[in-house]
Amino acid sequence: MEGPSPPGFTGRRGAAGLDEALPPTLHPRLRRLALAAAEAVAPAWDAVDRLVQANCARVWAAFREAGVAEHHLLDGTGYGLDHSGREALDRLYARLFGAEAALVRPHFVSGTHALAACLFGVLRPGDRLVAVTGQPYDTLAGLIHQPGSGSLADLGVSYVQCEPGPGGLPDPGRAADAAAAARRGQRTVYYLQRSRGYAWRPALDVAAIGELCGLIRSQDPGAVTLVDNCYGELVELREPTAAGADLAAGSLIKNPGGGLAPAGGYVAGRRAWVELAANRLTAPGLGGRLGAYLGGTRLLFQGLYYAPLVVGEALKGACFGAWLMAELGFQVDPAWDAPRADIVQAVRLGSREALVTFCQGLQAGSPVNAFVRPEPGPLPGYGDPVLMAAGTFVQGASLELSADAPLRPPWVAYVQGGIALAYARLGWLSAAQALADAGLVRL
Ligand SMILES: *Cc1c(COP(=O)(O)O)cnc(C)c1O
């Protein structure tokens, strides 16, 4: 039952007060669509509200179990030996991930670096890497294959890729075959990517990840399963490590940083593997026991505390964007009311021009560098030129509203984030307006 409406509001939950919140320059049809969207997607937003409450309860419990104290928020210097904040942060993530151990570090330069620490930490010459979910995210190509760079291939680690089944989801039969082919004494890391990456496929949910990990272990008892958890944290009620994955890794300038973490990455999972990843981040013999947090640990703690809320806002923004762009005639994935296992919203723009215009419009709706027109360019770790709209406070932080697009057919923008629904909505509308202004969509 709806309660009484505050004065001046329509009483319809979604669109309440929204008209005043839209820019006066917005095209009248976009204004009508924005109001209609708020009503249409209200059921999805309600579901997000329930998710946020449950995930706040998880984070709250983890803080208390980890015994987070005021002195943990201070910074350290030099070796950072016995820095209690670092240990508390590791405990906190381990609790939240239902894992034996975690390694949460600003010294990881990115999510790719955290994943690399896992792979290079665990694998030895003669071992195997099996990509269970098809071709891994673009930035991993170099560390797997690049000759002469110290890649896994250079170290004599063999590579097997399981092509996805129908609908882009992993094929359990192929995963089982790859696991059954494990040789005695040869360790295999099975790499599962939760988010869609730059592919037109659904994200993999935690239940499916858990089933795949169980299947793989039944065929190869020595298996080490590693989940690329980027963009998936706090989108469901548990993390892959609580569902049977041995290791998960991700970036702190995505979901778990809550929009506050200034840099870093994390690894969580079984203690033995987390320790090997720590040895790779620092050096064998040093592991996770040292490393100073020059900027302090506060924003890493506080960011995780806010993260369920901010992830919820990002999910609501994605539902809004999916509805809006579908109304404007574009293919979107997922649909506004489909289940989500990551925060990414893919929109198929259909032409290079529309893709570039869309991303430039999104940038124009950002708080920082709104006046900049992003152009496609080379980016370390990516094969194709990439267009990135990221008018963000933390450089490249994609829990803030952002869009990335490798410049290749079928010309898909991968949009994510938005610190608050209201900001995300303005960004999506700015992108739609840019398409209209360029005559690329008829209003
Ligand atoms: C972001 C991301 C990564 C890591 O990217 P970085 O830019 O190195 O943090 C890896 N996999 C997926 C699916 C991602 O979304």
Side-chain angles (χ1 to χ4, degrees), residues 5 8-46 48 313-338 340 343-367 370-374 387 389 391 401-405 410-443:
S5 315
F9 285 73
T10 63
R12 298 305 295 267
R13 228 185 88 308
L18 180 55
D19 206 17
E20 298 84 336
L22 298 173
T25 49
L26 193 64
H27 189 286
R29 168 127 196 271
L30 286 178
R31 173 176 299 274
R32 284 197 302 280
L33 282 175
L35 294 170
E39 300 210 350
V41 307
W45 287 352
D46 288 344
V48 172
E313 295 294 288
L315 288 168
K316 287 182 179 179
C319 295
F320 174 88
W323 189 92
L324 175 72
M325 297 306 288
E327 279 299 304
L328 294 176
F330 295 96
Q331 276 185 51
V332 298
D333 188 62
W336 71 267
D337 56 348
R340 288 172 189 263
I343 62 166
V344 179
Q345 181 63 51
V347 182
R348 194 184 286 216
L349 276 308
S351 74
R352 184 191 156 97
E353 194 191 358
L355 179 59
V356 171
T357 304
F358 174 88
C359 292
Q360 289 176 342
L362 196 96
Q363 176 87 24
S366 303
F371 51 87
V372 167
R373 282 166 63 89
L387 181 57
L401 184 67
S402 50
D404 358 329
W411 314 109
V412 178
Y414 297 88
V415 186
Q416 60 275 316
I419 291 301
L421 168 62
Y423 292 133
R425 183 156 53 199
L426 290 169
W428 279 100
L429 290 168
S430 173
Q433 178 92 52
L435 289 170
D437 290 346
L440 294 164
V441 63
R442 207 131 17 95
L443 293 181

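Every value quoted in this text rests on a predicted model; they were computed, and no experiment measured them.
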Apply the test side chain to side chain contact (heavy atoms under 4.5 Å, CB included) to residues Trp323 and Val332: give CA-CA distance (whole Å), side-chain angles for both, the deciding distance (0.1 Å), then the verdict.
CA-CA 8 Å; Trp323 189 92; Val332 298; over 6 Å; no
Is a side-chain donor or acceptor of Thr357 paired with a backbone partner of Ala354 at a separation under 3.5 angstrom?
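It does not hold such a pair.
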Counting only N and O atoms by type, is there a donor-acceptor contact under 3.5 Å from the side chain of Arg31 to the main-chain atoms of Pro23?
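Yes, the answer is positive, given that a donor and an acceptor are paired below the 3.5 Å cut-off.
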Can you name the closest pair of heavy atoms from [X] and [Y] and give their distance?
{"X": "Cys319", "Y": "Trp45", "result": "CB-NE1, 4.0 Å"}
{"X": "Cys359", "Y": "Ala389", "result": "O-CB, 3.3 Å"}
{"X": "Leu355", "Y": "Ala405", "result": "CD1-CB, 3.6 Å"}
{"X": "Gly317", "Y": "Ala424", "result": "CA-CB, 4.0 Å"}
{"X": "Val344", "Y": "Pro334", "result": "O-CD, 3.7 Å"}

What's the spacing between [X] [atom1] and [Y] [atom2] if we round to 0.5 Å?
{"X": "Arg348", "Y": "Met325", "atom1": "CZ", "atom2": "CE", "answer": "13.5 Å"}
{"X": "Leu30", "Y": "Leu429", "atom1": "CG", "atom2": "CG", "answer": "6.0 Å"}
{"X": "Leu401", "Y": "Gln363", "atom1": "CG", "atom2": "CD", "answer": "9.5 Å"}
{"X": "Ile343", "Y": "Glu313", "atom1": "CD1", "atom2": "CD", "answer": "12.0 Å"}
{"X": "Trp428", "Y": "Leu324", "atom1": "CH2", "atom2": "CG", "answer": "8.0 Å"}
{"X": "Gln360", "Y": "Ser430", "atom1": "CD", "atom2": "OG", "answer": "11.0 Å"}

Side chain to side chain contact (heavy atoms under 4.5 Å, CB included) for Leu33 and Leu328? Distances and angles first, verdict last.
CA-CA 9 Å; Leu33 282 175; Leu328 294 176; 3.7 Å; yes
Test side chain to side chain contact (heavy atoms under 4.5 Å, CB included) applied to Leu435 and Phe330, step by step:
CA-CA 12 Å; Leu435 289 170; Phe330 295 96; 4.0 Å; yes
Given side chain to side chain contact (heavy atoms under 4.5 Å, CB included), test Arg340 with Gln345 step by step and report yes or no.
CA-CA 10 Å; Arg340 288 172 189 263; Gln345 181 63 51; 2.9 Å; yes
Side chains of His27 and Gln433: does their closest heavy-atom pair fall under 4.5 Å?
yes
Below 3.5 Å, can you tabulate the donor-acceptor pairs from side chains in residues 412-423 to any protein atom, sequence neighbours excluded?
from: Tyr414; atom 1: OH; to: Ala199; atom 2: N; distance (Å): 3.3
from: Gln416; atom 1: NE2; to: Ser402; atom 2: O; distance (Å): 3.4
from: Gln416; atom 1: NE2; to: Ser402; atom 2: OG; distance (Å): 3.0
from: Gln416; atom 1: NE2; to: Asp404; atom 2: OD1; distance (Å): 3.1

